[in-house]
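Take a look at the structure below.
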Protein chains: 2
Amino acid sequence: MLEAKLEQAELLKKILDAVKELVTDANFDCSDEGIKLQAMDNSHVALVSLNLAKTGFSEYRCDRDMSLGVSLASLQKIVKCAGNNDILTLRADESVDVLALLFEAKHADRVGEYEMKLMDIDQEHLGIPDTVYDAEIDLPATEFARIIRDLKELGESVKIEVSKEGVRFSADGDIGTASVTLKPTDKRGRRPDSDGEDSDEEEEQEDDEDDEAEEPEPKEEEEDEDGDVKPQIAASGDEDDDAPKSKGGKKRKAVADSEEEDGADENGEDEPSPKKVKKESGKAKPAKKEKKKAASKKGKASSASSKGKATKGKKAKSGDEEKSMDVRINLQQAVALTFSIKYLSNFAKSTPLAERVHLHMSNEVPLLVEYAFEQGHIRYYLAPKLQDD
Amino acid sequence: MLEAKLEQAELLKKILDAVKELVTDANFDCSDEGIKLQAMDNSHVALVSLNLAKTGFSEYRCDRDMSLGVSLASLQKIVKCAGNNDILTLRADESVDVLALLFEAKHADRVGEYEMKLMDIDQEHLGIPDTVYDAEIDLPATEFARIIRDLKELGESVKIEVSKEGVRFSADGDIGTASVTLKPTDKRGRRPDSDGEDSDEEEEQEDDEDDEAEEPEPKEEEEDEDGDVKPQIAASGDEDDDAPKSKGGKKRKAVADSEEEDGADENGEDEPSPKKVKKESGKAKPAKKEKKKAASKKGKASSASSKGKATKGKKAKSGDEEKSMDVRINLQQAVALTFSIKYLSNFAKSTPLAERVHLHMSNEVPLLVEYAFEQGHIRYYLAPKLQDD
DNA sequence: CAGGGCACGT
DNA sequence: ACGTGCCCTG
């Protein structure tokens, strides 16, 4: 029996928008860790890996591992029936032949119940090799999307070159050549913008304990970002992509942290309670509600924007890194790889899911493009083209 | 070697939007005067003449005249990769087989470098005959666009009739007939602020100072407007690029005259126009405020205003008249001509480039439609249809 | 001014 | 699916 409650149906909408063109049918693998989806794209060139952590749900229960074979198009049709701010509950029983979806408007008095037939999909669960990446680039997702969109006009392949000086995306085609160069923002983790906001909140220390102090370090905030994070990121990219083991501090903090803290503060409330209100002031999740009214019309927005501000309380750094326009490059070794723009363009459809995107590259190895969000992440892998000239 | 820097990439975007449907490939003729483009439209019916003055660039250098054969579609693709506010630099070396474009975001750290292959286009450089136009109409570009757009729905041809009373655009087709009449705004530039939309040509009875009686002014203004003001309208069309030859002759009235007047305003008048001075003062004072308000509401406004000073550097008043919603008609002789709406509709794509458009007409002679902006202008020429019934 | 949503049309 | 135009918001 699976029962998972998502506070905002919008998340699922965005995920489906992001992935549906790459993958039309896939298994949602549910375990007590959360829900994962892993699949090759239809042309078997790229790999998509979605992870929704248990902690990303306001309620989560999965008695037994189960694989739900879903037609993404069908699921999308149904999910579109939910309001962006509806509370979405997924439910499946042992039979695994049907997925029930429940949409509840926040103000109640409107309930949608849907059932979707499931299908059998034989899933080739390919392990993703552990890789230590030579270059990691952390940039605004919109910037990445823009570059890819632009270059797509001129050619079919992008060459991505990373060096100390910056990242250079280039393409050429019939009409000419193009290149866009991004210079890294100041090396240090310093964020140029006003981090003042985050200060207002409570314990930044808290995260330490969550982290398990795997990395003993004094000034975690900036450090982890620039310094120690990269190995972790790579590590987390292993086959089960988010193995609970030694996950990167950064992600964990952003997600688990907030959740746990939530519970801690209020003694593990799973559901909305009056007290929550108080917490909300500081919390990320709550903030969304506020947003909602504003967002109601727009439909989108809330998550990302609220994140930046609302999240700040906890990991100041996490909030910051999410919102800034910085370009960060972490480089072990210069890298130059060529990829099919078409796929990158598809990956970029995940832009609405996160403020920033992380590119991980090593020569000769598939590129990893990651969009991390509060409840989990989407990762894409794409093998480079051979001719890197 | 050509190197030209445009402060706002947006200008080039707009130009390409405006022209690309009429002309798909054309030579950009670069000289130390600036950059010009002249071409027949694809069906060889209309003529397009673009002029970007050297002074329109924040930096301009052209050692040697050169003709860059450009595919406008390709150029547009590339220019779309620039942000509207990016600084755009065009560069071409002697080889003239490639045009380099550099886009720099104002805040830096993002640089786009593009190269476009050039082509050989044998250009028939047709001289544009000097013409003294019998009728000149100066009206808001949006108004013109609106009329053309509306009439296009009903027929394929527009008849444009200009008389003392105003301009009348009419068309007819299967479903019926249509006509829009614009009455010239009150002589001295009075403008009713209350005009609702551009759509309706308001037949204001504002002959008097209805707007703001606050300004009691001598009648002479009106007359002089009628009498000698028209030259001013012409004046806004700067010295002509298109027909550099013998402007002296017939053109003198429309063009040369205006030039002189320019000077006249500043110092002494070359030609008798005693009232002129007075007129200016009159104009300047009363209506100004109102107009401004109206313009702001429209939203576009500002940009073109600069033209006034850049182009002519005349009085402040000129700036004012540029942004107003006034319709000015300068008439030597009544004119009635018929044109293909399709072309006018294409010309109207230049609307984003300027607040106002100037129509110059004489019987039996091609219509000249001009959009003047800070950095230069675009002119279109279109021969009338024969049946002027 | 830029970005994002939305409805539209190709 | 994608590009476009329009409107609104930050």
Side-chain angles (χ1 to χ4, degrees), chain A residues 9-10 13-14 16-24 41-43 72-73 76-77 80 83-85 139-154 156 193-194 197 287 290-310 322-325 341-357, chain B residues 7-11 13-14 16-18 20-21 73 76-77 79-88 103-107 110 142 145-146 149 153 197-199 296-303 345 348-352:
Chain A
E10 185 178 31
K13 290 191 182 189
K14 286 180 178 171
L16 292 169
D17 274 342
V19 175
K20 71 160 186 290
E21 200 159 333
L22 241 21
V23 181
T24 57
D41 82 287
N42 292 330
S43 51
L72 298 191
Q76 192 182 36
K77 274 189 188 169
K80 274 187 177 162
N84 282 341
N85 294 303
L139 73 167
T142 52
E143 182 88 66
F144 178 65
R146 179 80 202 288
I147 292 169
I148 296 303
R149 197 180 62 234
D150 284 352
L151 297 192
K152 196 165 67 145
E153 291 299 305
L154 301 242
E156 304 195 322
D193 58 324
S194 58
E197 289 194 16
E290 318 286 74
K291 284 288 195 173
K292 151 171 82 173
K293 71 171 176 279
S296 64
K297 174 200 164 191
K298 291 321 221 96
K300 70 135 255 145
S302 51
S303 73
S305 55
S306 61
K307 184 198 305 181
K309 188 167 307 190
E322 287 301 312
K323 63 166 30 159
S324 86
M325 281 304 283
I341 298 187
K342 177 183 153 208
Y343 288 97
L344 296 186
S345 168
N346 272 323
F347 300 169
K349 291 190 173 139
S350 291
T351 302
L353 284 164
E355 287 275 300
R356 314 201 106 236
V357 58
Chain B
E7 279 311 297
Q8 285 224 116
E10 188 176 26
L11 174 67
K13 289 191 183 191
K14 286 180 179 171
L16 291 169
D17 274 342
K20 70 160 189 288
E21 202 157 331
Q76 192 183 34
K77 272 190 187 173
V79 171
K80 274 188 177 160
C81 300
N84 281 347
N85 295 308
D86 283 3
I87 297 168
L88 182 161
F103 306 147
E104 297 167 278
K106 289 240 151 83
H107 60 281
R110 184 187 201 266
T142 52
R146 181 79 201 293
R149 195 180 66 229
E153 294 300 309
E197 286 307 305
D198 48 326
S199 59
S296 66
K297 162 195 162 195
K298 292 313 230 112
K300 42 174 57 255
S302 51
S303 72
S345 167
K349 290 190 174 140
S350 291
T351 302

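Letters A, B, ... mirror the listed sequences (proteins, then strands); counts begin at 1. Here the structure is a predicted model, which is why all the values come from computation and not from measurement.
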Exercise. Do other residues, nucleotides or ligands put more than 12 heavy atoms under 6.0 Å from Lys20(A) NZ?
Worked result: yes
Exercise. With respect to the side chain of Glu153(A), which nucleotide from dG4(C), dG3(D), dA2(C) is positioned closest?
Worked result: dG3(D)
Exercise. Closest to the Asn84(B) side chain: dA2(C), dG4(C), dC2(D)?
Worked result: dA2(C)
Exercise. So, is Lys80(B) near the phosphate of dT4(D), with a side-chain N or O under 4.0 Å from OP1 or OP2?
Worked result: yes
Exercise. Looking at Lys349(A), does any N or O in its side chain come under 4.0 Å of the phosphate oxygens OP1/OP2 on dC2(D)?
Worked result: yes
Nearest-Å distance, [atom1] ([X]) to [atom2] ([N])?
X: Arg146(A); N: dG3(D); atom1: CZ; atom2: P; answer: 13 Å
X: Lys13(B); N: dG3(D); atom1: NZ; atom2: P; answer: 14 Å
X: Lys20(A); N: dC2(D); atom1: NZ; atom2: P; answer: 9 Å
X: Asp17(B); N: dT4(D); atom1: CG; atom2: C1'; answer: 11 Å
X: Asp150(A); N: dG3(D); atom1: CG; atom2: C1'; answer: 14 Å
X: Arg149(A); N: dC2(D); atom1: CZ; atom2: C1'; answer: 12 Å
X: Glu21(B); N: dG3(D); atom1: CD; atom2: C1'; answer: 15 Å
X: Lys106(B); N: dA2(C); atom1: NZ; atom2: C1'; answer: 13 Å

Exercise. Which pair of non-hydrogen atoms, one from Val79(B) and one from Ala9(B), has the smallest distance, and what is that distance?
Worked result: CG1-O, 4.4 Å
Exercise. Between Asp41(A) and Ser43(A), is there a donor-acceptor pair closer than 3.5 Å when you use the side chain of the first and the backbone of the second?
Worked result: yes
Exercise. Going through the checks in order, is the side-chain contact (heavy atoms from CB on, under 4.5 Å) test met by Ile87(B) and Glu7(B)?
Worked result: CA-CA 5 Å; Ile87(B) 297 168; Glu7(B) 279 311 297; 3.9 Å; yes
Identify all pairs in which a protein N or O lies below 3.5 Å from an N or O of nucleotides 7-10 of chain C, and state each distance.
none

Exercise. Excluding sequence neighbours, so at least two apart, what forms ring pair (Phe, Tyr, Trp, His ring centres under 6.0 Å) with Phe103(B)?
Worked result: Tyr114(B)
Problem set entry | Pairing of Lys349(A) and Glu21(A) as salt bridge, 4.0 angstrom limit | yes
Exercise. Charged N to carboxylate O below 4.0 Å: is that the case for Asp150(A) and Arg146(A)?
Worked result: yes
